[in-house]
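Data first, discussion second: the structure below is written as structure tokens.
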Amino acid sequence: MLIKVTGKIDFVGFEIPNRFIVGYGLDYDGLGRNLKNVYQLAKA
């Protein structure tokens, strides 16, 4: 879905696949939140 917006952009994001990720504020039960990058968890 595309949304047309006029005005100044304050934040820039990116799309990621629908995978379980941690880092950069995203966590799993409190673990991984303080990582500086975004990581996809490896399959066990």
Side-chain angles (χ1 to χ4, degrees):
M1 173 173 59
L2 296 175
I3 300 173
K4 185 176 181 179
V5 178
T6 59
K8 182 181 174 189
I9 298 174
D10 292 326
F11 298 97
V12 177
F14 56 93
E15 291 187 26
I16 59 173
N18 188 16
R19 304 277 194 253
F20 195 91
I21 58 168
V22 295
Y24 205 70
L26 304 167
D27 68 74
Y28 175 72
D29 199 21
L31 301 173
R33 177 174 290 273
N34 295 327
L35 297 172
K36 293 182 179 182
N37 296 303
V38 176
Y39 297 93
Q40 177 183 328
L41 296 181
K43 293 181 182 180

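Between atom CG of residue Asn37 and atom OH of residue Tyr24 there is a gap of 9.5 Å, rounded to the nearest 0.5 Å.
Without hydrogens or angle criteria, Arg33 side chain to Gly25 main chain gives a donor-acceptor distance under 3.5 Å.
By the criterion of side-chain heavy atoms lying less than 4.5 angstrom apart, applied directly or through intervening Ile, Leu, Val, Met, Phe, Trp or Tyr residues, Ile16 is grouped together with Leu26 in one hydrophobic cluster. Taken together through direct or relayed side-chain contacts under 4.5 Å among Ile, Leu, Val, Met, Phe, Trp and Tyr, Tyr28 and Tyr39 form part of one hydrophobic cluster.
In this structure, Asp10 places its CG atom where more than 12 heavy-atom neighbours from other residues, nucleotides or ligands lie under 6.0 Å away.
The closest side-chain heavy-atom distance from Val22 to Leu35 is below 4.5 Å.
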